[in-house]
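The block underneath contains the structure these notes are about, expressed in structure tokens.
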2 protein chains.
Amino acid sequence: MPTVSSEELATAAGVNSAKLRKDFSYLGSYGTRGVGYDVEYLVYQISRELGLTQDWPVVIVGIGNLGAALANYGGFASRGFRVAALIDADPAMAGKPVAGLPVRHTDELESIISDNGVSIGVIATPAGAAQQVCDRLVAAGVTSILNFAPTVLSVPEGVDVRKVDLSIELQILAFHEQRKAGEENAPSPVPPRSGAAVRAASENRKGPDGDVPAVMPA
Amino acid sequence: MPTVSSEELATAAGVNSAKLRKDFSYLGSYGTRGVGYDVEYLVYQISRELGLTQDWPVVIVGIGNLGAALANYGGFASRGFRVAALIDADPAMAGKPVAGLPVRHTDELESIISDNGVSIGVIATPAGAAQQVCDRLVAAGVTSILNFAPTVLSVPEGVDVRKVDLSIELQILAFHEQRKAGEENAPSPVPPRSGAAVRAASENRKGPDGDVPAVMPA
DNA sequence: GTCTGTGAATACATTCACAGCC
DNA sequence: GGCTGTGAATGTATTCACAGAC
């Protein structure tokens with residue numbers, strides 16, 4: 001399939017073709033009128049724009065079940081990510097191979113970061129250790145952090161943090177599940193609201209001090 | 001702190017106070033003019049609306065590193081989720097305790113679902129097994145699925161699927177990281193675009209056949 | 001005076017619809 | 001004829017600003 005039309009892509013993605021064309025137009029005029037988009041060229045342009053063509057060395061700190069799962073996750077390599085090192089505070093873990101890499105001790109964190117030019121760090125430690133690890137990563141030069149620990153991290157200006165809360169996705173499913181159940185019998189006592197509330201719950205919004213909606217009780 | 005104002009909550013959440021008030025107003029009029037919102041009452045109302053006050057039994061299928069990490073994840077209980085069972089296809093795993101629960105064999109999947117009234121399932125299997133597990137979950141009565149396997153699942157009408165791709169969050173960080181790097185020297189050759197493209201990348205949008213943006217190469 | 005709740009105003013996103021190019 | 005790229009039109013979300021309750 002050498003070319004593809006906006007209509008085909010839009011159908012596959014479940015969106016309106018005009019939206020797709022307008023979105024693509026922000027990246028440049030990569031289509032040909034009367035023909036469509038050259039697939040290979042389009043893939044390259046989008047990949048470049050998203051940063052997929054770059055090599056991104058990352059470190060994973062905290063090699064428990066989750067850290068190991070991340071280290072073994074196959075989807076990283078195809079998106080340009082390279083696991084530069086696995087780091088854990090437990091001396092007993094040091095040297096043990098996980099996903100083909102020897103686990104390194106936390107003592108080496110700073111040198112690993114600078115030797116490999118790492119700018120992205122993944123924190124998969126227990127909550128108690130996360131802020132301390134974060135501080136060390138930032139001090140060593142990391143400017144983007146993906147946080148799986150159930151804590152809100154505070155970081156200096158210029159450092160990006162994204163928090164992944166594995167239970168939030170479940171929360172969203174349960175929310176919809178509840179509505180399904182409610183509709184079976186009585187119509188909901190609350191008037192049908194705009195999609196905003198539902199969507200706000202699922203977005204990874206980023207406020208000044210973190211990205212957890214303040215209204216969600218812990 | 002018995003009461004809280006929309007302004008305080010909005011500042012904490014990093015949003016505009018009018019938006020916060022308008023959002024709350026969709027749930028009802030739970031505030032008091034001149035005073036603010038009663039914290040306890042507000043927490044209860046929001047919890048109820050989100051389904052936090054209900055008990056949601058869930059099953060986790062696929063007890064590898066990720067499944068074990070999910071089973072051990074502390075955040076579930078406080079949001080009303082209860083891990084009803086851990087299920088794995090490997091007979092060698094059967095009976096082994098993970099996070100205090102004995103792993104059950106896949107053969108028991110159907111009976112576990114119906115005995116516990118499970119309506120939410122978590123798939124943490126390898127990609128190859130995911131669709132099959134999904135089909136069995138759905139046939140057994142599950143109507144919401146959280147999918148960690150790197151596959152798009154097809155499900156009948158009325159079943160909700162949310163896909164968690166652990167590398168997408170990294171992708172988003174890398175995207176911003178790239179822009180940071182680009183701004184240091186030359187201003188980007190591409191005109192600053194609306195936030196739409198960036199946000200689209202981070203939303204868990206749901207098309208008819210799944211929720212992976214079609215434009216993202218695998 | 002304070003702070004909510006909400007119409008009105010503004011900003012933003014999506015879709016329509018068609019001129020222009022292949 | 002077919003399909004992109006994009007102004008114009010529509011639809012939705014956010015913010016303003018203030019009447020009304022405490």
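These numbers come from the heavy atoms of this one structure, side chains and all, not from hydrogens, waters or symmetry mates. In the text below, chain A, chain B and the rest are named by the order of the sequence lines, each starting its count at 1.
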Could you list the donor-acceptor pairs under 3.5 angstrom formed between side-chain atoms of residues 68-75 of chain B and any protein atom two or more places apart in sequence or on another chain?
residue, atom, partner, partner atom, Å
B:Asn72, ND2, B:Ala68, O, 3.0
B:Tyr73, OH, A:Asp165, OD1, 3.0

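- Distances shorter than 4.0 Å separate none of the side-chain N or O atoms of B:Tyr30 from OP1 or OP2 on C:dC3.
- Residues that satisfy the side-chain hydrogen bond (donor to acceptor under 3.5 Å, both in side chains) test with A:Gln131, not counting sequence neighbours, are A:Asp135.
- For A:Arg82, the salt bridge (Lys or Arg N to Asp or Glu O under 4.0 Å) partners two or more places apart in sequence, or in a different chain, are A:Asp55.
- Taking atom CG of B:Leu9 as the reference point, atom C1' of C:dT4 lies 13 Å away to the nearest angstrom.
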Which letter, B, S or -, goes with each nucleotide of nucleotides 16-22 of chain D from 5' to 3', with contact meaning a protein heavy atom under 4.0 Å?
BB-BBBS
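- When the side-chain hydrogen bond (donor to acceptor under 3.5 Å, both in side chains) test is applied to A:Arg21, the partners found at least two apart in sequence or on another chain are A:Ser6, A:Ser17.
- Note on B:Tyr37: every side-chain N or O is 4.0 Å or more away from OP1 and OP2 of C:dT2.
- For A:Ser6 and D:dT4, the shortest distance from a side-chain N or O to OP1 or OP2 is below 4.0 Å.
- Contact check for A:Val122 versus A:Val59: no side-chain heavy atoms found under the 4.5 Å cut-off.
- Atom-to-atom, CD of B:Glu7 to C1' of C:dT4 comes out at 12 Å; the value is rounded to the nearest Å.
- For the pair B:Leu42 CG and C:dT4 C1', the interatomic distance rounds to 13 Å; values are reported in whole Å.
- One can place CG of A:Asp23 at 12 Å from C1' of C:dT15, the figure rounded to the nearest angstrom.
- Listed by chain and number, the residues in a salt bridge (Lys or Arg N to Asp or Glu O under 4.0 Å) with A:Glu8 amount to none (sequence neighbours excluded).
- Distances shorter than 4.0 Å separate some side-chain N or O of A:Lys19 from OP1 or OP2 on C:dT14.
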